[in-house]
Amino acid sequence: MLDPKLLRSDPDSVAASLARRGYALDVDQVRTLEARRRELQTRTEELQNERNTRSKEIGQAKSRGEDIEPLLARVGNLGDELDSASRELAQVQAEFEAIATAIPNLPHDSVPSGQDEEDNVELHRWGTPREFDFTVRDHTDLGGMHGYLDFELATKITGSRFAVMRGPIARLHRALAQFMLDKQTLEHGYEEVAVPYIVNRDSLFGTGQLPKFGDDLFRLEGDQEYYLIPTAEVPLTNIVRDEIVDGAQLPLRMTAHTPCYRSEAGAYGRDTRGMIRQHQFDKVEMVQVVDPGHSYEALEEMRGHAEAILQALELPYRVVTLCTGDMGFGAAKTYDIEVWLPSQNTFREISSVSNMEDFQARRMHARFRAQGQKKPSLVHTLNGSGLAVGRCLLALMENHQQADGSITVPEALRPWMGGVERINQK
RNA sequence: GGAGAGGUGGUCGAGUGGUCGAAGGCGCCGGUCUCGAAAACCGGAGUGGGUUCGCGCCCACCGAGGGUUCGAAUCCCUCCCUCUCCGCCA
């Protein structure tokens with residue numbers, strides 16, 4: 001959520017900034033609502049003041065043993081007037097709120113303008129895609145050779161966009177997650193957190209998935225309004241919801257390995273083959289809660305934490321700065337890390353690292369108190385994949401495949417694979 | 001599933017219709033003392049919002065939402081949550 005004060009005081013420059021990301025803010029509507037709000041709020045508060053004053057007088061008169069009848073008469077229909085005024089005010093405020101919570105974050109000045117992924121700007125590349133002297137198999141074929149990766153089975157058990165992994169591939173998947181967690185906790189200073197995979201509406205509102213993007217979520221049946229998490233960003237970031245953190249404790253660095261559930265509504269027909277786009281996938285997520293003065297340093301740092309995983313796994317990748325049109329709802333700036341996929345002869349997203357600035361913090365009322373500061377201020381929140389485990393698995397299979405279909409385990413990963421150097425096809 | 005207890009400020013905790021935004025403790029900030037610190041003592045400070053150039057003034061907030069009343073932390077209703085015991089269970 002944007003700062004409502006900014007939205008009120010300077011809707012024109014807010015609109016200009018939003019226009020960069022293709023969002024048309026109805027400035028006239030904001031102005032009209034704001035004028036009405038001001039009028040109604042002033043009136044309501046005046047009436048409340050009057051009621052309070054009169055009631056106090058009655059109380060005092062009563063305690064002195066005086067007759068309160070004349071005072072009661074003076075109250076008249078104050079209550080009715082107040083009622084209608086506050087009702088109208090609540091309505092206008094709700095309208096304003098509905099508009100405000102649906103507005104995406106303002107892009108940072110350093111974010112390139114653009115419409116879609118075509119306009120993203122490459123920052124740098126790492127590694128060189130391998131030259132293969134045999135016909136490259138994609139991960140679906142590699143995994144399918146001996147039933148280590150079975151999509152048909154998953155379709156029977158559940159439906160489309162699910163996978164069953166078995167044997168060495170299941171182990172490789174597990175090893176990757178463990179490796180990533182250890183890297184983030186032992187080398188990059190994150191605290192490992194185990195979180196619920198089911199969250200409530202408030203949490204999803206806090207990180208920005210609700211109210212606008214409910215279609216992308218799996219909602220559970222039952223009395224409670226519960227949802228499966230689309231990413232560990234939700235439970236991790238909501239740790240600081242409604243909290244005032246001691247400034248000395250910042251930055252908070254937290255990581256979690258969780259499954260992620262996405263309905264992928266609107267993605268029909270895209271990436272239907274293989275495990276690029278699944279309803280359920282594992283991810284190691286990084287979240288930082290930082291002092292606003294340091295959030296862009298933290299963003300660069302987190303990008304490095306994600307890159308370190310790919311480097312250790314010897315997977316070529318590139319980093320792009322998302323353009324204004326391609327950024328997520330709550331992000332002020334986002335880097336995507338895209339891993340090389342030989343079968344597709346292109347780079348595919350494997351991590352997304354974003355600075356949300358105070359966008360989520362304002363929705364969550366996540367604040368901190370700086371040393372010696374009287375007033376709490378909003379924190380900045382950041383999140384990034386470190387990394388998507390499923391996509392990492394398929395990237396590893398494809399990039400490190402051999403002519404016979406076996407897969408070389410990168411050296412850095414072997415300790416998590418019990419020393420296994422190569423996954424043979426039986 | 002059954003029975004009970006409870007949700008109050010950064011935190012703990014008092015408060016059952018009228019200057020209660022709320023005692024007290026802890027923690028925090030400032031001061032005195034000290035070479036410095038600790039202790040002790042004195043003082044200060046809730047959060048959000050409106051309005052004003054500003055001092056300030058005003059409004060809301062005691063889990064959430066309704067209701068009763070001139071007036072609600074306090075009474076009534078609905079809901080949510082937490083804890084304890086029993087049952088069941090990984």
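Note on naming: letters A, B, ... go to the chains in the order of the sequence lines (proteins, then strands), and numbering restarts at 1 for each one.
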Does B/A37 have a Watson-Crick or wobble partner in any strand here, with both distances under 3.5 angstrom, and which is it? none
What nucleic acid atoms does A/R43 come within less than 4.0 Å of, heavy atoms only: base, sugar-phosphate, or nothing? nothing
Aromatic centroids of A/F218 and A/Y227 separated by under 6.0 Å: no
Salt bridge between A/R273 and A/D138, side-chain N to carboxylate O under 4.0 Å? yes
Over all strands shown, is A/R8 touching base, sugar-phosphate only, or nothing at heavy-atom distances under 4.0 angstrom? sugar-phosphate
Closest nucleotide of RNA chain B for A/E243 versus for A/T42: which of these residues is on the 5' side? A/E243
Categorize A/N52 for me: base, sugar-phosphate, or nothing, with a 4.0 angstrom heavy-atom threshold over every strand shown. sugar-phosphate
Describe the nucleic acid contact of A/I244 in one word from base, sugar-phosphate, nothing, applying a heavy-atom distance below 4.0 Å. sugar-phosphate
According to the interplanar angle, ranging from 0 to 90°, do the rings of A/H188 and A/Y190 count as parallel (below 30°), tilted (30 to 60°) or perpendicular (above 60°)? perpendicular
Students often get this wrong, so: under 4.0 angstrom with heavy atoms, is A/E57 touching a base, only sugar-phosphate, or nothing? nothing
Would you kindly compare A/R87 and A/R367 by the position of their nearest RNA chain B nucleotide and give the one closer to the 5′ end? A/R367
Any-strand Watson-Crick or G-U partner of B/U78, both distances under 3.5 Å: B/A64
Which nucleotide in B/U52, B/G48, B/G71 has an atom nearest any side-chain atom of A/R38: B/U52
Using Watson-Crick or G-U wobble geometry with both distances under 3.5 Å, which nucleotide pairs with B/U69? none
Of the listed B/A60, B/G18, B/G49, the closest approach to the A/R51 side chain comes from B/A60
Could you check A/E45, A/R43, A/E39 and say which one makes a side chain to side chain contact (heavy atoms under 4.5 Å, CB included) with A/Q41? A/E45
For B/C55, give the paired nucleotide (Watson-Crick: N1-N3 plus N6-O4 or O6-N4; G-U: N1-O2 and O6-N3; both under 3.5 Å), or none. none
Should A/N49 be listed as having a side-chain N or O under 4.0 Å from OP1 or OP2 of B/C59? yes
Suppose you measure atom C1' in B/C57 against the same atom in B/G63; what distance do you get, rounded to whole Å? 31 Å
Identify the nucleotide, in any strand shown, that forms a Watson-Crick or G-U wobble pair with B/C26, with both distances under 3.5 Å; if there is none, say none. B/G10
Using Watson-Crick or G-U wobble geometry with both distances under 3.5 Å, which nucleotide pairs with B/G87? none
So does A/R54 get a side-chain nitrogen or oxygen closer than 4.0 Å to the phosphate oxygens (OP1/OP2) of B/G71? no
Testing A/E307, A/R348, A/E349, A/E338 one by one against A/Y317 for a side chain to side chain contact (heavy atoms under 4.5 Å, CB included), which residue passes? A/E307
